[in-house]
Amino acid sequence: MTSSQITITQPDDWHLHLRDGDALNSVALFTARQFARAIIMPNLNPPVTTVVQAVEYLDQILAAVDGTDFEPLMTLYLTDNTSPDEIIAARKSCFIKALKLYPAGATTNSDAGVTDIRLCDDALEEMQKAGLPLLIHGEVTDPLVDIFDREKVFIETTLQPLMHRFPELKIVFEHITTKEAADFVLQSGDHIAATITPHHLLFNRNAMFQGGLQPHNYCLPVLKRDSHQQALLEIIRSGSNKFFLGTDSAPHAKTKKESACGCAGIFSAHAAIEIYTSIFDQQNALDKLESFASFNGPDFYGLPRNNKTITLIKEDWQIPEEYSLGTETLVPFLAGQTLNWKLAGNSH
Ligand code: NCD
Ligand code: ZN
């Protein structure tokens, strides 16, 4: 299928880091100009662990996107001590849509994460009852497990036992990176879904070492080998409704990325829907874009699909080398490169 223009129902981003303070004010509008809603990650410092904190964070985000219709879908950060009462309060709040599981130490700001998922059983029981999804950063943290195997091992050691204990708990396996994760989700029931990032579709681990160390292609879970990238591309070509858009856009200052100990995280909110569209086009799967970007997510969460549409035009434009991030700068995903799809009515 070749086309020079495509109109789809407005998409949502089901996994987004907006940060807070100046950084939030620098990045929020990139998301609001293309997506109607986004699931907001709670890994601030300190993390968003209570409904009260989530309200405060929601207010900050709404101030940053003032003048738009963007709707932040808030999450709470699950800890060893999250009480069933907090889950009940979250359900009653209506604006909290999920809880996020970071295994302690797995990624950026995950120190307060869960040390042993069984400590959360009372909270998980309440989530299962309330129909509140658990969003999982699915990697084990055992330093003895090779970093490229951490997702695969997580499925065996943590995810499967968890699903046995809570057979009706809704789970989103976030930012999947491996064939094992894709197969696992495909074989599971309708209450298990997954998000896929643009970077894990576009790149494999070679991109971290192309011509030298490439810190802006470093994220967690880390990029995997080509066969895994191909498995993810096969998923999007298949049009399975168990997979949906989640950018994992995670801004870090350039100085924190280009450092002796560089932070994990790729910022893609500046061009997310355009990058996904290019990928689907390359895969001859433009007819599958709308369900991935705009239908499968709300259907899984039990939320209405968006009413508005967006139009993308096949037109070359160049991604800037940098954007500002508060008083610092930010190097976006695919900095300086030419993209061949552009959101209509948007001046980059
Ligand atoms: C995220 C961040 O920077 O907050 N980093 C990343 O590499 N994806 C955290 C996360 O989602 O793992
Ligand atoms: Zn993330």
Side-chain angles (χ1 to χ4, degrees), residues 12-21 23-24 26-28 30-31 35 38-49 57 61 72-78 97-114 133-141 147-148 150-151 154 171-178 181 194-203 205 207-208 214-224 232 244-259 261-270 272 297 325-326 328 330-333:
D12 305 299
D13 183 350
W14 299 96
H15 183 131
L16 176 68
H17 299 270
L18 279 182
R19 313 304 190 206
D20 55 3
L24 166 66
S26 300
V27 301
F30 286 113
T31 292
F35 296 107
I39 284 275
I40 311 299
M41 287 297 124
N43 64 331
L44 302 182
N45 190 11
V48 180
T49 56
Y57 188 29
I61 298 169
L73 308 174
M74 306 306 287
T75 62
L76 293 187
Y77 185 113
L78 190 69
K97 302 299 182 191
L99 275 91
K100 175 72 192 236
L101 165 61
Y102 289 103
T107 187
T108 306
N109 290 343
S110 64
D111 295 349
V114 171
L134 178 67
L135 316 183
I136 299 186
H137 184 111
E139 290 193 287
V140 293
T141 55
I147 189 163
F148 293 101
R150 287 180 187 176
E151 184 172 282
F154 182 88
I171 293 175
V172 183
F173 197 164
E174 302 263 70
H175 42 51
I176 59 164
T177 63
T178 57
T195 54
I196 309 181
T197 74
H199 42 282
H200 291 106
L201 288 168
L202 203 54
F203 286 154
R205 62 194 189 180
M208 282 186 298
Q214 300 291 339
H216 301 291
N217 290 335
Y218 172 57
C219 65
L220 288 171
V222 73
L223 293 169
K224 303 298 191 297
L232 299 183
F244 39 88
L245 187 159
T247 61
D248 196 15
S249 178
H252 289 278
K254 181 179 177 181
T255 50
K256 296 264 171 55
K257 295 283 294 175
E258 298 179 9
S259 144
C261 184
C263 290
I266 293 176
F267 176 75
S268 58
H270 60 298
L325 183 70
E328 303 235 34
L330 169 68
V331 177
F333 186 47

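Read the numbers this way: they start at 1 and go in the same order the structure lists the ligands and their atoms. Values in this document were obtained by computation on a predicted structure and should not be read as measured data.
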Compute the shortest N/O to N/O distance between H252 and ligand 1 and return yes if it is under 3.5 Å, no if not.
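Min N/O separation from ligand 1 is below 3.5 Å for H252.
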N43 N/O under 3.5 Å from ligand 1 N/O
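In this structure, N43 places an N or O atom under 3.5 Å from an N or O of ligand 1.
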Any idea which heavy atoms bring [X] and [Y] closest together, and the distance?
{"X": "Y57", "Y": "D20", "result": "CE1-CB, 4.2 Å"}
{"X": "S268", "Y": "S249", "result": "N-OG, 3.0 Å"}
{"X": "E151", "Y": "H175", "result": "OE1-O, 3.9 Å"}

Sub-4.0 Å heavy-atom contact, M41 with ligand 1:
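For ligand 1, residue contact (heavy atoms, under 4.0 Å) with M41 is absent.
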Touching ligand 1 at all, R19? Heavy atoms, strictly under 4.0 Å?
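It does; at least one heavy atom falls under 4.0 Å.
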Just to confirm my output: which protein heavy-atom neighbour is closest to [atom], and how far is it?
{"atom": "atom 11 (O) of ligand 1", "result": "H17 NE2, 3.0 Å"}
{"atom": "atom 7 (O) of ligand 1", "result": "L220 N, 2.8 Å"}
{"atom": "atom 12 (O) of ligand 1", "result": "T107 OG1, 2.7 Å"}
{"atom": "atom 5 (N) of ligand 1", "result": "A264 O, 3.2 Å"}

[X]-[Y] aromatic ring centre distance below 6.0 Å:
{"X": "H270", "Y": "F267", "answer": "yes"}
{"X": "F203", "Y": "F333", "answer": "yes"}
{"X": "Y102", "Y": "Y77", "answer": "yes"}

Give a yes or no on whether the backbone of G246 and the side-chain of T195 come within a donor-acceptor separation of less than 3.5 Å.
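Looks like no, no N/O pair under 3.5 Å.
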Going by salt bridge (charged side-chain N to carboxylate O under 4.0 Å, His left out), name the residues that satisfy it together with D248, two or more places apart in sequence or in a different chain.
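Scan of D248 (salt bridge (charged side-chain N to carboxylate O under 4.0 Å, His left out), adjacent residues dropped) gives none.
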At less than 4.0 angstrom from any non-hydrogen atom of C219, what atoms of ligand 1 do you find?
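This gives 7 (O) as the contact atoms.
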Taking only heavy atoms of G265 into account, list the atoms of ligand 1 that are under 4.0 Å away from them.
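Near G265, the atoms of ligand 1 are 5 (N), 6 (C), 7 (O).
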Where does the angle between the aromatic ring planes of F154 and F173 fall among parallel (under 30°), tilted (30 to 60°) and perpendicular (over 60°)?
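Tilted.
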Hey, does I136 have a side-chain heavy atom less than 4.5 Å from the side chain of I171?
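Side-chain contact under 4.5 Å: yes.
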Do L325 and H252 come within less than 4.5 Å of each other through their side chains, counting heavy atoms only?
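No, their side chains stay 4.5 Å or more apart.
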Of the listed options (T247, I266, D248), which comes nearest to atom 8 (N) of ligand 1 when hydrogens are ignored and any heavy atom counts?
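That would be D248.
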Taking atom CD1 of I147 and atom CG of L220, what is their separation to the nearest 0.5 Å?
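That separation rounds to 5.5 Å.
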Using a heavy-atom cut-off of under 4.0 Å, does the side chain or the backbone of H137 touch ligand 1, or both, or neither?
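It is the side chain that gets close, since no backbone atom is under 4.0 Å.
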Is any protein N, O or S atom closer than 2.8 Å to the Zn ion (ligand 2), and if so, which?
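Per the 2.8 Å query on the Zn ion (ligand 2), atoms found are H15 NE2, H17 NE2, D248 OD1.
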